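Numbering of ligands and ligand atoms starts at 1, following listing order. Computed from a prediction, not measured in an experiment: that's the story for all the values here.
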Amino acid sequence: MKNFISVNDIGPWRDAVREALEIKADRFAHQHLGRNRTLLMIFFNSSLRTRLSTQKAAMNLGMNVMVLDVNQGAWKLETERGVIMDGDKAEHLLEAIPVMGSYCDMIGVRSFAGLTDRDADYEERVIQQFIRYSGRPVFSMEAATRHPLQSFADLITIEEHKPVERPKVVLTWAPHPKALPQAVANSFSEWMNVTDYDFVITHPHGYELDPSFVGNARVEYDQRKAFEGAHFIYAKNWSAYRSPNYGKVLSTDRSWTVDTEKMNLTDNAYFMHCLPVRRGMIVTDEVIESPRSLVIPEAANREISAQTVMKRILESL
Ligand code: CP
């Protein structure tokens, strides 16, 4: 594996899950692969799970790890080419990236969508520049339009818990006070679409995702109908994708909050969310604290998805 930015980079999904579960059963088995190798993790945005799980996974593989928070302690970076740099940004990404690449063997990048310019976000300009100019394998720790390490962990978690071979999986929009990227929802859809699951997306009118991510999913605007017979409920907020409302919050309607009454419409479904989650907005305390909540095992599997991806990159060096 050279780079990891989407489901297209993982190959056959069943093989990937099998490899991940083997790693989970013996997570220190490949320490030799990372000896004298260095991972550089670059954060343009905040993180708890991605930061800790990816660092732990790298240590499991015997790697050295460096972490750079671009907005805390580094020079402010200009990302656009052709600008006169007479503001507060002291360094251009086009110098910074190859310099960073010279200190490491692979790079993980977290860089969220700006949510103002849809074309710029969906071109994935930041991570694509790392791929082009770093000279190193690059993996996404959440980019503008996708969060593939999260989706891979979600898939592993579903495979570990599914009660039937082809479960019904429902991605539901839920309210949030701030504008959030579409990345987790896009990515989850993309990964569910490569499986043979019964995959349904439910959201209010106006929250339609990019059709290329929706793929073969069924879109159901009635959340209660979507929940009927579900085995997994995956809740997430996202801002509007469609023009002219790109990046906007169109609704904070709490009738979309996942609660026990709605979970009772399902086939004893598990509740999933990538975290961090806003209780009382996305989900009630009762649902997230219930025995059917998978939010902690799902977060724990972030270590496994990251380790599987980095193992494959190390094997290709
Ligand atoms: N799910 C996730 O990526 O969490 P963090 O933003 O805390 O890394």
Side-chain angles (χ1 to χ4, degrees), residues 4-7 9-10 20 24 39-60 65-72 107-115 121 124 126-127 130 138-158 160-161 169 171-174 176-192 213 232-239 258 270-279 281-283 287-288 293-310:
F4 178 74
I5 59 170
S6 84
V7 73
D9 299 315
I10 201 73
K24 190 168 182 175
L39 165 67
L40 173 58
M41 299 163 67
I42 298 167
F43 289 91
F44 288 83
N45 305 94
S46 303
S47 166
L48 186 154
R49 278 143 292 274
T50 304
R51 177 185 299 259
L52 295 178
S53 63
T54 309
Q55 186 162 353
K56 176 65 164 62
M59 292 190 297
N60 293 349
V65 182
M66 299 188 296
V67 183
L68 179 68
D69 288 293
V70 170
N71 297 320
Q72 290 170 16
I107 303 179
V109 181
R110 164 162 287 201
S111 176
F112 288 171
L115 294 181
D121 288 343
E124 291 285 10
V126 173
I127 198 158
F130 273 92
V138 172
F139 63 92
S140 168
M141 299 195 300
E142 185 169 349
T145 64
R146 294 177 174 90
H147 194 356
L149 286 178
Q150 180 65 53
S151 307
F152 187 14
D154 298 333
L155 177 62
I156 295 165
T157 310
I158 290 172
E160 288 178 312
H161 290 86
V169 179
L171 168 65
T172 181
W173 180 93
H176 192 283
K178 294 189 172 177
L180 299 185
Q182 298 97 36
V184 170
N186 284 344
S187 202
F188 186 72
S189 301
E190 187 172 62
W191 284 68
M192 291 300 101
F213 288 102
F232 295 90
I233 298 297
Y234 194 100
K236 186 71 185 84
N237 173 268
W238 61 90
S239 58
V258 178
Y270 289 104
F271 174 79
M272 299 179 73
H273 188 281
C274 63
L275 304 181
V277 71
R278 299 249 183 169
R279 289 180 178 219
M281 294 293 293
I282 301 280
V283 61
V287 169
I288 199 167
S293 171
L294 290 180
V295 296
I296 305 304
E298 186 183 351
N301 276 335
R302 289 293 307 276
E303 178 184 340
I304 306 306
S305 63
Q307 191 167 335
T308 308
V309 166
M310 286 190 286

For atom 3 (O) of ligand 1, tell me which residue out of E298, H147, Q150 has the closest non-hydrogen atom. H147
Polar-atom distance check: S46 versus ligand 1, any N or O pair below 3.5 Å? no
Kindly state each residue pair satisfying salt bridge (Lys or Arg N to Asp or Glu O under 4.0 Å) with at least one member in residues 145-156, sequence neighbours excluded. R146-E190
So does L180 get a backbone contact from the side chain of S239, meaning a donor-acceptor N/O pair under 3.5 Å? yes
May I ask you to list the atoms of ligand 1 that are less than 4.0 angstrom from any heavy atom of T50? 2 (C), 3 (O), 5 (P), 8 (O)
Where does the angle between the aromatic ring planes of W191 and F4 fall among parallel (under 30°), tilted (30 to 60°) and perpendicular (over 60°)? perpendicular
For ligand 1, which is the ligand I care about here, please tell me if R51 has any N or O atom under 3.5 Å from one of the ligand's N or O atoms. no
Consider only side-chain N and O atoms of N45 and E142, and report whether a donor and an acceptor are under 3.5 Å apart. no
Looking only at heavy atoms, the pair that brings V184 and H147 closest together is CG2-CD2, 3.9 Å
What residue and heavy atom of the protein are closest to atom 7 (O) of ligand 1, and at what distance? L48 N, 2.7 Å
Is it the side chain (CB and beyond), the backbone, both or neither of R302 that lies under 4.0 Å from ligand 1, heavy atoms counted? side chain
Residue and atom name of the nearest protein heavy atom (relative to atom 1 (N) of ligand 1), distance in Å to one decimal: L275 O, 2.9 Å
Exercise: do Q182 and D121 side chains pair donor with acceptor under 3.5 Å: no
Where A235 and F271 come nearest, the two heavy atoms and their spacing: CB-CE1, 3.7 Å
Non-hydrogen atom of R110 closer than 4.0 Å to ligand 1: yes
Among all the protein's non-hydrogen atoms, which is closest to atom 4 (O) of ligand 1, and how far away is it? R49 NE, 2.9 Å
Could you say whether the N/O atoms of E142 and ligand 1 ever approach to under 3.5 Å? no
